[in-house]
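Read the structure below first, then the notes.
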Amino acid sequence: MAALPVENHGSPVMELLNISKSFGATHALQDVSLTLRPGEIHSLLGENGAGKSTLIKIMTGVHQPDRGAIHLDGAPVQMASSADAQRKGVAAIYQEPLLFPDLDVAENIFIGHQDRGPFTRWSTMYEEAAQILASIGVQIDVRAPARGLTLAEQQSIEIAKAISLKVRVLIMDEPTASLSAYESERLFQLMQDLRGRGVSIVFISHRMDEVFRLSDTVTVFRDGRHISSRPRADVTPQSAIAEMVGREMGLLAPRATTAAEGVVLSVDRLGRDGVFEDVSFEIRKGEILGFAGLVGAGRTDVGLALFGIAPAHHGRATLDGRPHAPRSPRQAIDGGIAYVSEDRRQLGLSLPMSSSANISLPVLDRFKGMLGMLSRRKEAEVADEFRRRLHIKTASVEAPVGRMSGGNQQKVLLAKWLNTAPRLLILDEPTRGIDIGAKAEVHQFISELAAQGMAIMLISSDLPEVLSLSDRIVVMREGKQMATLDRKDATEQVVMAHATGQGDQAA
Amino acid sequence: MSPHYISGSNIINLFQLSIEKIVVALIMALLIINGEIDLSVASVMGFAACLLAYLTSQGVGMPLAITAALLGGLAAGCINGFFVAYVGLPSLVVTLAGLIGFRGLARVLLEDRAIGGFPQWFTDLGQKAFLGPLPFALIVFVVVLLVAVAILHLSTFGRKIYVIGNGVDVARYSGVAVARVKFSLFLMSGFIAALAGVLYAARLGSVRGDLAQGFELEIITMVLLGGVSIFGGSGSLLGVFLAILLVLNLRNGMGLANLTGNSQSIVIGVLLILSAAVPFLVSKVRSRVA
Amino acid sequence: QDAGAGKPVDMVLLPKYLGIIVFDQANNGAQEAAAELKNERPLQFLGPTPENSVAGQIEIVTNATTQGVGAIMISNNSGDQIAPAAKAAHDKGIKVVTWDSPIPSAEGEDVFVAQVDFDETGRVLADMALKILGEAGGEFAILSGSADAANQNAWIKSMNEVLKSDPKFASLKLVDTVYGNDQAETSYNLALALVDKHPNLKLIVAPTTVGAPSAAKALQDEGLCEKIKVTGLGVPSEMLSYTQNGCAPEFALWSFKDLGYLAYQTAYALATGTVKAEEGAVVKAGRLGDRAITKDPTREKGLRILMGPFSLYNAENVEAAAKE
Amino acid sequence: MNGLRLRPERVRELSLLAIIVVAVLVFATIIDGYLSPRTFNRIASSVVIIAVVAAGQTLVVLTRNIDLSVGAMVGCVAYFTGALLAANHGLPPVLAIALAVAIGTVMGAINGALVVFARIPSIIVTLGTMAVFRGLLVEFSGAKSITTANLPSWLVNLPQMTVLSIGSFDIRAMVALALVTIILFQLGMSVLRVGRHFYAVGSNPDAAHFTGLPVRRVIFSAFLLSGAMSGLAGFMTLARFGTITVEAAMGLELESIAAVVVGGVNIFGGAGSIIGATLGAILIGTLEQSLFRLQINQFWLDALLGLLILVAVASDSVLITRLRRFWNEARARRRQIPATTDTTS
Ligand SMILES: Nc1ncnc2c1ncn2[C@@H]1O[C@H](COP(=O)(O)OP(=O)(O)OP(=O)(O)O)[C@@H](O)[C@H]1O
Ligand SMILES: Nc1ncnc2c1ncn2[C@@H]1O[C@H](COP(=O)(O)OP(=O)(O)OP(=O)(O)O)[C@@H](O)[C@H]1O
Ligand SMILES: [Mg+2]
Ligand SMILES: [Mg+2]
């Protein structure tokens, strides 16, 4: 693979000029311009709905701009489709990699190539694929089907694909959202490697630390408008956040602990074959127990075991002193457990249905009226109350949840589970993918719940979040409980050390 | 328009001629909204009717034979439901197997024979008015319709049907007993299909192995025509009921205008495609205009 | 000529299924009669497709009843399943004439226009079988239409009786009776299966115009025509090549055109009230002459008008007949 | 080591082959004179029609669609080709076949256009066109049937034509024609780059779109080719049965889907092979003809076929997942890569 020439200060490789794009009444982008230089990592910042994804979809030809122009190497171009953009050297990697699970790794890399003749030359293809993967330091069997690969492996394949296409502009939309710290680290190395080869990278992430570590240039969007583009040296996280939200905003402040007497949940040497083992902890009334770890550490699985989705094989748990071994979510809910899933769209909410229908779902039997039929009035009343309590912005609780913004959806999801009046609330990544404003509200609300005496199990990959909200923190790694830290002992460094298996050195 | 078209007896006739199909269509709507499909209904109808005929030919009394036929339908639904709900196989394939298999069992039972000679009261049930001018099957239809509406649109069970249709995982994570809901729907489908088969046997007065063969397509067509999404999660019984009325009237109108079965199936086929195409075309036109 | 000629009567002619050539011939005959009788109302030729055979006929009869036509002519494609619908029509004063295939119980039926004497059919089939197999005789099998077809079942029954009662047929051995449901593909496959199952099979008797050519084609495709022959009921134009190449040396049929003609004459006479459906009444049937209504000897109840006769077709006359 | 080269899909096909062999052996013990050239011919001639249609159906199913109209298309093609030949006895055979394929292709194009351009789910489109095609056939034919008497003699005699005799085993012309077509298709699917597009589109339609694969064209081609194969099958039906009524090939859609499913093609798209579907067709055809032979009735056939489909799919969902996991692990072990997601080591 021939390295492309490195030119860091050349003329712009790609320019977007006065781009506007509307979806019906929504002005997703208004008069936005952006300049991309060869070999730079250019980060886009902005709250949810600021228009970042729309912009990159225009760059890759998925959407056509209503107004404005795209220039490549100074000449105006049309991006007719994503395939067209790829041919012109512009490719994107999305948060969820788009692979073909039934095709093998090598095919996944090469299937989009238009210039390889009418025949598939299998052996050549396997060789080349292996070479490319080796060149980016990834070890994956090129003959294995893509089904069953980890997210990180899948992203590596996407990158290999981009390299094989000799792209000049690579766009990454929230690539780290589902990656572990270790995997993110690998990805950052790769990005720097690509930058070294002269590839321009557009990087979108809601994680400030990543953005400030990697970027050459930082661009901020707000409400579909371009606010600023500056070299990284001229920006601070605080100033960027201020520009994003249009107001000054403090970072997270630690909450006051409210833990009281009375153990709600006690877990003793819980395990599930091949997933996690020997997990023990207690949660008291009014306590928030944080669960930190890298993705795939098994935190979700502990939650799912307690919620009855994938029951534990070993160990025992007691809830309010009674044995707790649910075989189904139904049993867990009846026992007083609520689980707010990390995957809002697939597992959390029924998007085409109304908020009131979603909120009543786990405890439908409570909404029976005459003749055991469902009482819609009761449903609406309850939903309306939650709407007020959680400041859910929606015209009506009868409107489909799918039309709401991410933050409001997350609040509906919370409402759905609070409606079960649980003894123990399991929150799995409660703020993933929602913007800073909504996030602060959710944090506030979690604190309030704890203050009212609810026991909370908080699973989060957002370290500042876990550190500031939790009373104690369990750190997991590869299905094992590495440490249980008191709030005062927990720092980012210590937690990460345990999460990456370096706990002994750190201690 | 033909003057015969709007007479009361014609309206009863119009239902009577397709009554077995539309009874089954109601339950099919529930299944499709739930995100599944039952291709085996017509074969279960045939199987139940053949079981009934076989048993009566062996000297079993009618009430017992009817009970056995209905139980046979439940058993068929049980098999479908087990493989879909508890083994997790796609219902398209399981009930395709059922479509072929239960028809096979029907044939095994009756082989080449056509069995009739049912007691008078039984054939009267299928052929004569039962309550005022209304035949028994029509009353069954109304009852099944009311029950289905109550289940789908008023009960918590109906809510679960929609939630599952919109996404099985959300339902499961919300404590809905997904497998149980699916299983009960297949049981219902099997039972109602068997009931329809028995009614059809009563109307025809005799039973052959190919009874109700091919009905599944018309039944599914009526449901889809009623605006029920083939992907599950949306649709209503009102829509299905209107589609049933539309199909019956079209068939009847065309029949009275002496257009035979095949012209009717062309019209219904085109209608089915159009009804699915229209939402898309409208949205396309709307986006052009906007 | 019918005394009521010239009166307008709505009439419907129902074949067993659409897509079978003999029923189209019957339609032609009925149209001919309609023209002769100067019935200005058009004759409706409506039939079910084979896949919704029973339900289709019931639907057509019910619709015709709603329309209040004057007469319905049915070639029944099942057993008594059509009876309730026919009875409903009959109760409304509509004349119900069956032709080709009657309603076994005669319920709701005014009169059956029989193509030939059903007992005679059995003998004709047996005679042809004997002629083809010769004195030595041998094994033969029957390939019929649907299992509950009233006409075919009557023929098979009478053939069995003839075989048993007449010692002349002692050398003929019936080894199997199967049903191809008047479907070409099923009949084809069944013919081959018969050949495989019975290694000594010499002859397939197919009393159906779909079964006979399908069986002949199957034997021809397998190169078995030397060993095994086909006979039964067939349409000359469909059987032509098989008769000429020896696969089906002889077969029989009556004129479906005449059958349609006679059915129409009968139904028209009943509908206009010139003739009552009772024993002894006589229908003046145009070119077919006077035909009397008698008790149907092959059914417990019911009246019939007999057409006849059989035509036998073989290498000598088949080509001419096919051109008709 | 070599065993590892066998993908789960191949294992699936080999086991199907084994089942066919076992079935044949079982029938051989209970039916006298079963293992004879005649049985072979009988089964081969009836299998090829299902197999040809199943090959087209495979393409459609691979792209996450379904074609319920194949039976109606076969019937239409058989009828219209028959009518054309009856009117022009001089039409050369090759042209006749081309015409049949062309008629099928046009009907397939209608399906494809409705699915791809009007964005109607294929199950609805083909449910509709199945009724429409069959209805049009009845209308156009004036409910008259094609009979051998109208057809040119080369066509009537085609089923007997033999291209190759090995001992007393004949390879009939139609069987050869079908086999060649199927083999070409299978080769195309594995060797041509566009062949893999069918898999890609079915495996992940979104990814296919973003990768720049011509998704619409691929789905359209699947229906087009299914139509073309139905056209060929229509010709074969015409030649074989001679008598074509309005209900010719009715029910073939179910048989073809059964063959595809039994042959291990994933009903949700993305996985499976033409060879598998052909084996599925062979198994179904063998059972069908052998049971015909055994009992001279199909009474048990349908019941067995239903069971077969159920067993095939149930074993798939259980076994194939197991096999695939085993295969992945074995390959990984060979390359010293941890099989699971442990990239931290
Ligand atoms: N296909 C679409 N149809 C209608 N509205 C859309 C569409 N795509 C985006 N929008 C709207 O355009 C606006 C910008 O959305 P976009 O996805 O670009 O935001 P984003 O900055 O990527 O947000 P996030 O951080 O949540 O990914 C939002 O209001 C969104 O609702
Ligand atoms: N995308 C994936 N594909 C396959 N296996 C996965 C994937 N993600 C996680 N796993 C597996 O699931 C198990 C534990 O994951 P789990 O989701 O419980 O971890 P987690 O710590 O909760 O991560 P998260 O931060 O996503 O919530 C591990 O065995 C891991 O290999
Ligand atoms: Mg975005
Ligand atoms: Mg998790």
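Reminder, nothing fancy here: chain letters follow the sequence lines and each chain counts from 1.
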When B:Leu110, B:Val87, B:Ile100, B:Val94 are compared by non-hydrogen pairs under 4.5 Å with chain D, the top option: B:Ile100

Interface check, chain D: of B:Val270, B:Val108, B:Leu272, most non-hydrogen pairs under 4.5 Å belong to B:Val108

Honestly, the part of B:Phe102 sitting under 4.5 Å from a heavy atom of chain D is neither

Straight-line distance of D:Asn111 CG to D:Phe220 CZ, nearest 0.5 Å: 10.0 Å

Check this for me: B:Tyr54, atom OH, are more than 12 non-hydrogen atoms of other residues, nucleotides or ligands nearer than 6.0 Å? no

Return the option, out of B:Ser43, B:Gly101, B:Ser40, B:Gly88, with the maximum number of heavy-atom pairs under 4.5 Å with chain D. B:Gly101

Please classify the contact of D:Leu308 with chain B as side chain, backbone, both or neither, using a heavy-atom distance under 4.5 Å. neither

D:Leu114 versus chain B, heavy atoms under 4.5 Å apart: side chain, backbone, both or neither? side chain

Find the one option among D:Thr129, D:Leu254, D:Leu127, D:Ile267 whose heavy-atom pairs under 4.5 Å with chain B are most numerous. D:Leu127

Between B:Arg103 and B:Glu216, does any NZ, NE, NH1 or NH2 come within less than 4.0 Å of an OD or OE carboxylate oxygen? no

Indicate whether the side chain of D:Ser46 and that of D:Glu288 have a donor and an acceptor atom separated by less than 3.5 Å. no

So with a 6.0 Å cut-off around CZ of D:Arg216, is the heavy-atom count from everything else above 12? yes

Considering only heavy atoms, which portion of B:Leu224 lies under 4.5 Å from any heavy atom of chain D: side chain, backbone, both, or neither? side chain

Assess the residue pair D:Ile274 and D:Thr278 against the criterion (side chain to side chain contact (heavy atoms under 4.5 Å, CB included)); give the C-alpha distance rounded to whole Å, side-chain angles, the decisive distance to 0.1 Å, and a yes or no. CA-CA 6 Å; D:Ile274 306 255; D:Thr278 307; 4.1 Å; yes

Taking B:Leu39 as the fixed residue, which of B:Val93, B:Thr95, B:Asn80 is the one that meets the side-chain contact (heavy atoms from CB on, under 4.5 Å) rule? B:Thr95

Can you tell me which portion of B:Leu105 sits under 4.5 Å from chain D's heavy atoms? Options are side chain, backbone, both or neither. both

Cut-off 4.5 Å, heavy atoms of chain B, and the answer for D:Val261 is side chain

Bottom line for D:Phe133: the part with an atom under 4.5 Å from chain B's heavy atoms is neither

Mind running side chain to side chain contact (heavy atoms under 4.5 Å, CB included) on B:Thr221 and B:Leu271 for me, showing each step along the way? CA-CA 9 Å; B:Thr221 301; B:Leu271 213 61; over 6 Å; no

Report which part of B:Leu99 has an atom under 4.5 Å of a heavy atom belonging to chain D: side chain, backbone, both, or neither. side chain

